[in-house]
Amino acid sequence: MAGTGKAHLTDGDDVVLRVEDLVVEFPVGRTGLVVNAVSGISLDVRRGETLGLVGESGCGKSTTGRAIMQLPRPTNGSVRFEGQELTTMAGSDMREARTKMQMIFQDPISSLNPRRKVRDIVMEPLRIWQRSNTDRGEVVDQLLEEVGIDPQRAAESQPHQFSGGQCQRISIARSLVLDPTLIICDEPVSALDVSVQAQVLNLLEDLKAKHGLTLIFIAHDLAVVKNISDRVAVMYLGKLCEVAPSDELYRAPRHPYTNVLLSSIPVPDPQAPVAPMEVVGEPPSPVLPPPGCRFHPRCPNAEDDCRTTEPELREMGPQHFVACHHPMAGGAVPVAVGSTGGFAEPVA
Amino acid sequence: MLLEVTDLRTSFRTPRGTVKAVDGVSFTLDRGRALGIVGESGSGKTVLSRSVMGLLVGSNLERTGSIRFEGEETIDRTARQMRDLWGAEMSMIFQDPMTSLNPLMKIGKQITEPLHAHLGLSKSDALATAEQLLRDVRIPEAGRRLKQYPHELSGGMRQRVMIAIALACGPALVFADEPTTALDVTVQSQILELIGVQRRERNMSVILVTHDLGVVAGHTDEIAVMYGGRLVEKAPTRQLFANMKMPYTEALLASIPKLEDRSHTRLTTIPGRPPDLVNPPAGCPFSPRCAYVRDRCRAEAPPLTPAEDAGHVFACWYPVGSPEYHERRAELGDAAPAAAPGADGEVAS
């Protein structure tokens, strides 16, 4: 899984975003060590597509999303958005570029200013960029209606007067107000109840169609990601393991890690076979990632080459790329996974 | 019978009015069984578990009804009186292993504390027991871990320590309140499996409180569904999924994205949001959001009614499968929520 390589990238006019060899490192205090949050991943996102980014906590999926926005700038690598290189862009140009790429965050309540009226929060980007000077109110009210928030109430109320699901709708309206091309959604529904989660997912699908959006959807819930994405990229410990069209990935996962993830999901059906999971261990520390394939300490298929040589992404089927020396046959059979250690080491 | 809860009501007086967090809930639990309590946020599931355990205190709290634990009434007991039961007879695994452990105390001390207090073990015996407990919850290098602090362990390891503490004195009943919500999916399945193994080995009862129908499906004998502070359906786990009666349970299941569905499958939603527990709706608490609502639902709260199968109760005037239900489904056509898997052989559209 410690996958490198760019076999999965395409050339074409319809590529909105291209990320190459993205590296993000954070220093650990003054120890001289670094957290290898993202270690050289490459991605592209086509116009009108929803790319899902899944993985467990600490795999670097959120860091990837933020590094695309240059929040903060990545340690290394290239991010090209609509043909422009972002990593070397001056601060003021970057601010302008961010009007075309917006973000929706996990916690809907804390991502809205608690002291301001909701309608003003949604209007603020227009005010900053001096857009729609004459009909600003109409633009905002129409967007609020689209996301299912009463504009009248939004003009009178502060975020705490709305529920979590409503606050997420407000965040979505705010992200749309400058008419962006790309929206990066970082766990947008994981704080919501399932009944509300379904409402927000449907809303995102509707708005994507209506506004011609391209989405990067970051989440840990594989069922949610499958539902909304056209293509899914699976991450593990700062690397890409597998990239494939959504239905294909779930029908026939080729990477052992993808398979473990899929077979770990609790299915709301008591008749479902329970995967005979023995202890699988936990992801190792990104401070001292394992050599070779980063998944090898937990992998049921690991052999000697996995411990020394990092696998590269290669095409195993149409649009289906896997970074693994010993990929699975492609039938979605949950496997029992034996523990070979790999418990998290204490972070210094 | 280990636990018998009858007409439990728990409310909090607040400046906005009285919040009826638990509104007349009754259930029983036998030794060695696992009960899942499922509900969305604000359904009262967490308050219910804490109220049963007697963990809630405060001058604004009002608690009535009956909680018989091992045959003895506990509702009138003070926190001080309950202390003999906590840890020894009933214990709790909390959601957040990061904040539920004392960050300044070594793991070993935190596990041996109840062993001293309740079982009166000597220091060396307690340490030996603690090491065995860590091995039981499959923590590698148990001896070394005893001397570590919580921050030196990963989230999954900390949750295993929490489980070891909860099991330390061999309680008859363990509450697990969203024990895996803070954990990753591969770790979650390990922890749920661990709780199940320990339950069977120790013949404990477990009450698993969660919002996730997937989590309870594979790890409980029985499921109670809560909505708006009330118990709205309860059945043996297989029975519930095969033949759900309450439209809320059906809608909740339908709104979960399924792995077997193709991507971009339109999700079934429940309109609106959970009721305000200060001013709950008249009649059935689910009536404002229910696709099958009729006048009677808005006027009269339905009582818990037994279904045809043993142990299955539900609170609904026009349950899934009733003539009124089918009539409304036909009227709604494509707009109807996806049917439950076992709803009279109907296929989810």
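Residue numbering restarts at 1 for every chain, and letters A, B, ... go by the order of the sequence lines.
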Looking only at heavy atoms, which two atoms of [X] and [Y] are closest? And how far apart?
| X | Y | result |
| --- | --- | --- |
| B/Gln188 | A/Pro266 | NE2-CG, 2.9 Å |
| B/Ser255 | A/Ala198 | O-CB, 3.6 Å |
| A/Pro268 | B/Phe241 | O-CE2, 3.3 Å |

* **Close side-chain approach of A/Lys226 and B/Lys258, heavy atoms under 4.5 Å** => no
* Is A/Val267 close to B/Leu259 at the side-chain level, that is, under 4.5 Å between some pair of heavy atoms? -> no
* To do: Name, in order of residue number, those residues of residues 189-197 of chain A that have a heavy atom at a distance of less than 4.5 Å from a heavy atom in chain B; otherwise write 'none'.
  => A/Asp193, A/Val194, A/Ser195, A/Gln197
* **chain B neighbours within residues 46-58 of chain A, where any heavy atom lies under 4.5 Å away** => A/Glu56, A/Ser57
* Structure fact -> So, the part of B/Arg273 with a heavy atom under 4.5 Å from chain A: the answer is side chain
* Proximal component of B/Glu260, with respect to chain A [non-hydrogen, under 4.5 Å] -> backbone
* Kindly indicate, with the supporting measurements, whether the criterion side-chain contact (heavy atoms from CB on, under 4.5 Å) is fulfilled by A/Asn202 and B/Thr269. => CA-CA 9 Å; A/Asn202 284 348; B/Thr269 63; 3.4 Å; yes
Heavy-atom cut-off 4.5 Å, strictly under: side chain, backbone, both or neither for [X] against chain B?
| X | result |
| --- | --- |
| A/Asp230 | both |
| A/Val224 | both |
| A/Ile265 | both |

* Charged N-O contact under 4.0 Å between A/Asp206 and B/Arg266 -> yes
* Asked: Out of A/Pro245, A/Ser163, A/Gly164, which one racks up the most heavy-atom pairs below 4.5 Å with chain B?
  -> A/Ser163
* Pick from A/Val232, A/Ile228, A/Asp221: which one has the most heavy-atom pairs with chain B under 4.5 Å? -> A/Ile228
* Structure fact -> One should read off an interatomic distance between A/Glu248 CD and B/Ser263 OG, to the nearest 0.5 angstrom, of 12.0 Å
* Structure fact -> Rounding to 0.5 Å, atoms CZ (B/Arg238) and CD (A/Gln271) come to a distance of 4.0 Å
* Asked: Heavy-atom count around A/Arg153 CZ within 6.0 Å, excluding the residue itself: above 12?
  -> yes
* Structure fact -> By ring-ring contact (aromatic ring centres under 6.0 Å, His included), A/Phe217 pairs with (sequence neighbours left out) none
* To do: Taking salt bridge (Lys or Arg N to Asp or Glu O under 4.0 Å) as the test, write out the residues that go with B/Asp261, two or more places apart.
  => none
